[in-house]
Amino acid sequence: MKRIELTVDTEKPVTLEKFLVGRKGVSRRLLTRLKRQEGGITRNDKTVRSIDTVYNGDVIVLSLEDDSFLEPNGSLNVPIAFENESLVVFDKPGGMPVHPSIKHQGDTLGNYFAHLYPQLTFRPVNRLDRDTSGLCMIAKDALAAKLLQGCCKKVYYAAVHGDIPESGTIDAPIARERKSIILRCVREDGQRAVTHYRKLLGSERYSLAEIDLETGRTHQIRVHFAHIGAPLAEDDLYGGLRDDIPRQALHCGRMSFSDPLTGEPITVSSELPEDIKSLFPTGGIVWKR
């Protein structure tokens, strides 16, 4: 059971529904679920209805039940980059899936989350491919998940083949390959996709790019850099060579968002992992901007 405490801050009395839905972003679906749950919503420790009036200073408590299950796995170890009562940001290693699948049962971030928080539902706010490392945010309750959706700005770092321009924008629509459920491609009838980047460092074979996504299509970074002739290192799905690193060289290195309850701006960073650093033996990487 997760309890969320909200203090009413209003000059004029309002209904509980208007306060929760209109001012705190609670979805009507969640409100309906709480209304059906015994003790789901209280005001000053007493049960309250959504049509009741609430006043400045009233303390509203939402009690959320979590009913989904993932097998806990405490043998895994994933560093926590940031945590508060609403969310946790993990620094996921490359090679670890976020969700269980047919091929991965028990070795995912979801299984480790279930070990740390056995009473909570696993609610990823952003999803990373199995081989992409870096910051992955998990909401601790349904309200936080709703408020954080689409409000998190992420910065990625990728080692790509060749020497790319100092900065640029890739504006090319992305569609699914007609004969594949996995592959994506640039195609005129695809969805709009825009990627901004700047070059941070270069070596004989690779460039290190800092990447800001204007849109969030499946495989967008991988498809766009392949489109300009600079596929990610090891990303053989899109033309990268598997010579120097055992996984696609992509890392989610910075995440900025507002706390879902207080509105406080938060920025979390993750250091570039050693396998990507090793592609630039001259060193001198300055990438936390």
Measure the shortest side-chain to side-chain distance between [X] and [Y] over non-hydrogen atoms and say whether it is less than 4.5 angstrom.
| X | Y | result |
| --- | --- | --- |
| Ile211 | Thr195 | yes |
| Asn56 | Glu11 | no |
| Met255 | Cys152 | yes |
| Ser133 | Pro273 | yes |
| Val54 | Val14 | yes |
| Leu30 | Leu143 | yes |
| Arg192 | Thr215 | yes |
| Val160 | Tyr197 | no |

Count the heavy atoms of every other residue, nucleotide or ligand shown that sit under 6.0 Å from CZ of Arg28, and state whether that count exceeds 12.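 No, because the 6.0 Å sphere around CZ of Arg28 holds 12 heavy atoms or fewer from other groups.
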More than 12 non-hydrogen atoms from neighbouring residues, nucleotides or ligands closer than 6.0 Å to CG on Asp243, yes or no? yes
Decide ring-ring contact (aromatic ring centres under 6.0 Å, His included) for His251 and Tyr156; before the verdict, give the C-alpha distance in whole Å, the side-chain angles of both, and the deciding distance to 0.1 Å. CA-CA 6 Å; His251 181 73; Tyr156 290 86; 8.8 Å; no
Work out which heavy atom in [X] is nearest to a heavy atom in [Y]; give both atom names and the distance.
| X | Y | result |
| --- | --- | --- |
| Ala175 | Gly190 | CB-CA, 3.7 Å |
| Phe225 | Ile164 | CE2-CD1, 4.5 Å |
| Gly25 | Leu147 | CA-CD2, 3.7 Å |
| Ser270 | Gly134 | OG-CA, 4.4 Å |
| His99 | Pro124 | NE2-CG, 3.5 Å |

Hey, is the main chain of [Y] close enough, under 3.5 Å, to the side chain of [X] for a donor-acceptor pair?
| X | Y | result |
| --- | --- | --- |
| Glu214 | Ala193 | no |
| His224 | Ala172 | yes |
| Gln37 | Leu34 | no |
| Asn126 | Leu135 | yes |
| Lys92 | Val78 | no |
| Gln191 | Arg217 | no |
| Tyr238 | Arg184 | yes |
| Asp236 | Gly239 | no |

Please verify the inter-ring angle class for Phe90 with Phe113; under 30° counts as parallel, over 60° as perpendicular, anything in between as tilted. perpendicular
Apply the test salt bridge (Lys or Arg N to Asp or Glu O under 4.0 Å) to residues Asp91 and Arg254: give CA-CA distance (whole Å), side-chain angles for both, the deciding distance (0.1 Å), then the verdict. CA-CA 10 Å; Asp91 195 352; Arg254 191 162 71 242; over 6 Å; no
Supply the atom-to-atom distance Ser203 OG to Phe280 CZ, rounded to the nearest 0.5 angstrom. 5.0 Å
Separation between CG of Leu272 and OH of Tyr157, rounded to the nearest 0.5 Å: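 Taking CG in Leu272 and OH in Tyr157, the distance rounds to 8.5 Å.
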Salt bridge present between [X] and [Y] (N-O < 4.0 angstrom):
| X | Y | result |
| --- | --- | --- |
| Asp52 | Arg43 | no |
| Glu210 | Lys199 | no |
| Asp212 | Lys153 | yes |
| Arg247 | Asp235 | no |
| Arg178 | Asp189 | yes |
| Arg49 | Glu17 | no |
| Glu234 | Arg242 | yes |

Test side-chain contact (heavy atoms from CB on, under 4.5 Å) applied to His219 and Leu183, Asp129, Ile174, the passing residue: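 Testing His219 for a side-chain contact (heavy atoms from CB on, under 4.5 Å) against Leu183, Asp129, Ile174 leaves exactly one candidate, Asp129.
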Worked verdict on Thr10 versus Arg23 for side chain to side chain donor-acceptor pair (under 3.5 Å): CA-CA 10 Å; Thr10 179; Arg23 302 191 180 183; 2.9 Å; yes
For side-chain contact (heavy atoms from CB on, under 4.5 Å), just list the numbers for Phe19 and Thr15, CA-CA rounded to whole Å, side-chain angles, deciding distance to a tenth of an Å, and then say yes or no. CA-CA 6 Å; Phe19 170 69; Thr15 65; over 6 Å; no
If you apply the rule side-chain contact (heavy atoms from CB on, under 4.5 Å), what do you find for Leu6 with Val59, and how did you get there? CA-CA 6 Å; Leu6 303 170; Val59 177; over 6 Å; no
Quick one: do Asp141 and Ile4 satisfy side-chain contact (heavy atoms from CB on, under 4.5 Å)? Show the steps, please. CA-CA 9 Å; Asp141 57 74; Ile4 300 175; 3.3 Å; yes
Please lay out, stage by stage, how Met96 and Leu76 fare under the test side-chain contact (heavy atoms from CB on, under 4.5 Å). CA-CA 10 Å; Met96 172 181 282; Leu76 302 173; 4.3 Å; yes
Quick one about Asp275 and Ser278 (side-chain donor to acceptor, distance below 3.5 Å, no hydrogens or angles considered), yes or no?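 No, because no side-chain N or O of Ser278 sits under 3.5 Å from a partner of the opposite role on Asp275.
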Would you say Tyr206 and Asp244 are linked by a side-chain donor-acceptor pair, where the criterion is simply a distance under 3.5 Å?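 The criterion, which ignores hydrogens and geometry beyond distance, is satisfied for Tyr206 and Asp244.
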